[in-house]
Number of protein chains: 2
Amino acid sequence: MAYGYKIGSIPITTVQRLATYLPALREMQRQGRSIVSSANLADMLRLEAIQVRKDFGYLEITGRPKTGFKIVELIEAMERGLSWNRVSDAILVGTGHLGTALLNYRGFGYHGLNINAAFDIAPDRVGTVINGVEVQHLDAMGGSLDAAMAILTVSPESAQAVAEKLVQAGITGIWNFTGRTLLLPEQVIIQDQDIAIGLAVLSAKLTARAREAIEAESTLRP
Amino acid sequence: MAYGYKIGSIPITTVQRLATYLPALREMQRQGRSIVSSANLADMLRLEAIQVRKDFGYLEITGRPKTGFKIVELIEAMERGLSWNRVSDAILVGTGHLGTALLNYRGFGYHGLNINAAFDIAPDRVGTVINGVEVQHLDAMGGSLDAAMAILTVSPESAQAVAEKLVQAGITGIWNFTGRTLLLPEQVIIQDQDIAIGLAVLSAKLTARAREAIEAESTLRP
DNA sequence: GGTGTATCGAGAAAAAAGTATCGATACCGT
DNA sequence: ACGGTATCGATACTTTTTTCTCGATACACC
Ligand SMILES: NC(=O)c1ccc[n+]([C@@H]2O[C@H](COP(=O)([O-])OP(=O)(O)OC[C@H]3O[C@@H](n4cnc5c(N)ncnc54)[C@H](O)[C@@H]3O)[C@@H](O)[C@H]2O)c1
Ligand SMILES: NC(=O)c1ccc[n+]([C@@H]2O[C@H](COP(=O)([O-])OP(=O)(O)OC[C@H]3O[C@@H](n4cnc5c(N)ncnc54)[C@H](O)[C@@H]3O)[C@@H](O)[C@H]2O)c1
């Protein structure tokens, strides 16, 4: 296998879906609900009930027939199972358009992520303060960062070089937004966040759908 | 099956990888290379050669034993197979931090995407010009948009309502960055671009790795 | 030209992911 | 209290995806 399918004993596909259940559950909780069934959640997330239950099967929880799952228990079990119950610190490198957007993103608090430092090399960036975080020069990045994770939003051309520097500084996980594939020692965990993939799937689906429509029409009027 | 695994006859997982092959191939071309083997590409993208070849098998191309694939043919075949060879127009709704970043993103030209209109409701946004696109009020969005695709970057609370409005205006594909699940008529194609998923996978992998390290150490010194 | 070898590509096998079935359980209304 | 029913969850099954095997092919070098 090229790269592991599982995290611990949980399939990655399940982890991905769990990440989408969580905000939905929190929202329900906010609305005063305390119990949810797999079918409820499935409807809300455009999934099948079976899949939701199967996913929950990987967590240490049990639902109750006829009622469903206690939302509180679900949330706790997820946070426990995936270790999201503590805040992790991260640094961000590349404070351009995207980097700035991420630094301003309020949602991270919800995901237990705290960006505690930002770096760039452009003279007009270094020294500015974005959402309470001062942008430092990349050369000032010492060997003892207060984070294990780095968010990489530099220009694609610098991606590999900067990533290597991050590894030297002790970073063990890189969230890579640059679209470039990083080649690093395999103990470093790389998560590619390539929006081109999403775009490709969407436009491929759109053209496929358009093609179907045309074919359907031409068989209708021969 | 809840939602199709395939686009036309090509598996979605393959489409996703094809999207990552393309920039790598273009980069090679720029560097003057004209031929590449599946093993070459695999190394460059942290994949297995077999997988690359299997993916190529879905396109109408043939490689040559002992040499590999002609890069030009590969690129053409991908663009043909996935209909990326024409520019598609899109509108963007929600010109906040993320929307602004996307409007400024130069990479879309490469992916055949052109954002030809932007909408918001905030008085201080409407009327401004971002990267050559004037921000219009959402109420000005008529029924005859010059685009089939919409990029949705409004605040999560407005996501569902705005999405419904988009559908009424004739949008058939929504690239949804809000993290909220949109419930829309099923003929509308929705592509969720939820960065929380990527973050969840990364942090789960990091904690799993950390746990492994601790266990390894404790077995070392009993 | 012959031999060695890197690479492709078809088909089979293995692994993973998703889906269906069905008995068990707990709630609801009578 | 009792029958009806919604829901869970274990197991079995199906589909999809990934990986392996191996013969065929074309280039390179002698
Ligand atoms: N803007 C988007 O919406 C978007 C979307 C998808 C992907 N991306 C990717 O995200 C990355 C950033 O995009 P962007 O639009 O913010 O670009 P940008 O040009 O606005 O920002 C890049 C930033 O990186 C900094 N930088 C460049 N080289 C550096 C180095 N060696 N060390 C430190 N900092 C360095 C620059 O000074 C700049 O501030 C790019 O790789 C891009 O492909 C952006
Ligand atoms: N900033 C990020 O890095 C980031 C990351 C991941 C996801 N997101 C998601 O992307 C979306 C936008 O994030 P952001 O940081 O740009 O937020 P933001 O608050 O900066 O921007 C939201 C924009 O949407 C506009 N808007 C709100 N309601 C609207 C409506 N009904 N019609 C039209 N426009 C409306 C607002 O005026 C504002 O300009 C959010 O859903 C957020 O969860 C953002």
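The sequence lines fix the lettering, A, B, ..., with proteins before strands; numbering per chain opens at 1. Atoms considered below: every heavy atom in the structure, side chains included; atoms not considered: hydrogens, waters and symmetry mates.
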>> Rounding to an integer number of Å, can you tell me how far A/Ile12 CD1 sits from C/dA16 C1'?
In response: 12 Å

> Roughly, in whole Å, what's the span from NZ in B/Lys54 to P in C/dA10?
Replying inline: 10 Å

> Taking OP1 and OP2 of C/dA14, is either one under 4.0 Å from a side-chain nitrogen or oxygen of A/Tyr5?
Replying inline: no

> Under 4.0 Å between a side-chain N/O of B/Thr14 and OP1 or OP2 of D/dT17, yes or no?
Replying inline: no

> In residues 15-34 of chain B, which ones come under 4.0 Å of DNA chain C, going by heavy atoms?
Replying inline: none

Write down the protein N/O and nucleotide N/O pairs, taken from nucleotides 21-23 of chain D, whose separation is under 3.5 Å; answer none if there are no such pairs.
none

>> Base, sugar-phosphate or nothing for A/Phe56? Non-hydrogen atoms, less than 4.0 Å.
In response: nothing

> Pairs in or reaching into residues 178-219 of chain B: which pass ring pair (Phe, Tyr, Trp, His ring centres under 6.0 Å), with residues at least two apart or in two chains?
Replying inline: none

Under 3.5 Å, which N/O atoms of the protein pair with N/O atoms of nucleotides 24-30 of chain C?
residue, atom, partner, partner atom, Å
C/dC27, O2, A/Lys66, NZ, 2.9

> Hey, does the side chain of B/Ser38 come within less than 4.0 Å of C/dC8's phosphate (OP1/OP2), counting only N and O?
Replying inline: yes

> What's the CD-P distance between A/Glu73 and D/dC8, to the nearest Å?
Replying inline: 13 Å

> Which residues satisfy the side chain to side chain contact (heavy atoms under 4.5 Å, CB included) test with A/Ala49, sequence neighbours excluded?
Replying inline: A/Ser38, A/Ala39, A/Ala42, A/Arg53

> Could you give all pairs that pass the side chain to side chain donor-acceptor pair (under 3.5 Å) test and reach residues 170-179 of chain A, with sequence neighbours left out?
Replying inline: A/Trp175-A/Gln193, A/Asn176-A/Thr178, A/Asn176-A/Asp192

> Rounding to a whole Å, what distance do you find between B/Asp55:CG and C/dC8:C1'?
Replying inline: 15 Å

>> Can you measure B/Glu48 atom CD to C/dA16 atom C1' for me and round it to whole angstrom units?
In response: 16 Å

> At how many degrees, to 10°, do the end axes of the helix from C/dG1-D/dC30 to C/dT30-D/dA1 meet when each uses five pairs?
Replying inline: 30°

> For the pair made of CG in A/Asn40 and P in D/dT7, what is the distance, rounded to whole Å?
Replying inline: 7 Å

I'd like a list of close polar pairs between nucleotides 1-3 of chain D and the protein, N/O only, cut-off under 3.5 Å.
none

>> By the 4.0 Å heavy-atom rule, please label B/Gly57 as base, sugar-phosphate, or nothing.
In response: nothing

> Is any side-chain N or O of B/Gln51 closer than 4.0 Å to OP1 or OP2 of D/dT17?
Replying inline: no

Show which side-chain atoms of residues 162-171 of chain A pair as donor or acceptor with protein atoms under 3.5 Å away, not counting sequence neighbours.
residue, atom, partner, partner atom, Å
A/Glu164, OE2, A/Gln160, NE2, 2.7
A/Lys165, NZ, A/Asp139, OD1, 3.1

> Whole Å only: how far is the CD1 atom of B/Ile35 from the P atom of C/dC8?
Replying inline: 11 Å

Extract all donor-acceptor atom pairs below 3.5 Å that involve side chains of residues 8-18 of chain B and protein atoms in other chains or at least two apart in sequence.
residue, atom, partner, partner atom, Å
B/Thr14, OG1, B/Asp55, OD1, 2.9
B/Arg17, NE, B/Asp55, OD2, 2.6
B/Arg17, NH2, B/Asp55, OD1, 3.1

> Does anything in residues 79-96 of chain A pair up under salt bridge (Lys or Arg N to Asp or Glu O under 4.0 Å), and if so which pairs, sequence neighbours excluded?
Replying inline: A/Arg26-A/Glu79, A/Glu60-A/Arg80

> salt bridge (Lys or Arg N to Asp or Glu O under 4.0 Å): which pairs involve residues 170-182 of chain A, sequence neighbours left out?
Replying inline: A/Arg180-B/Glu27

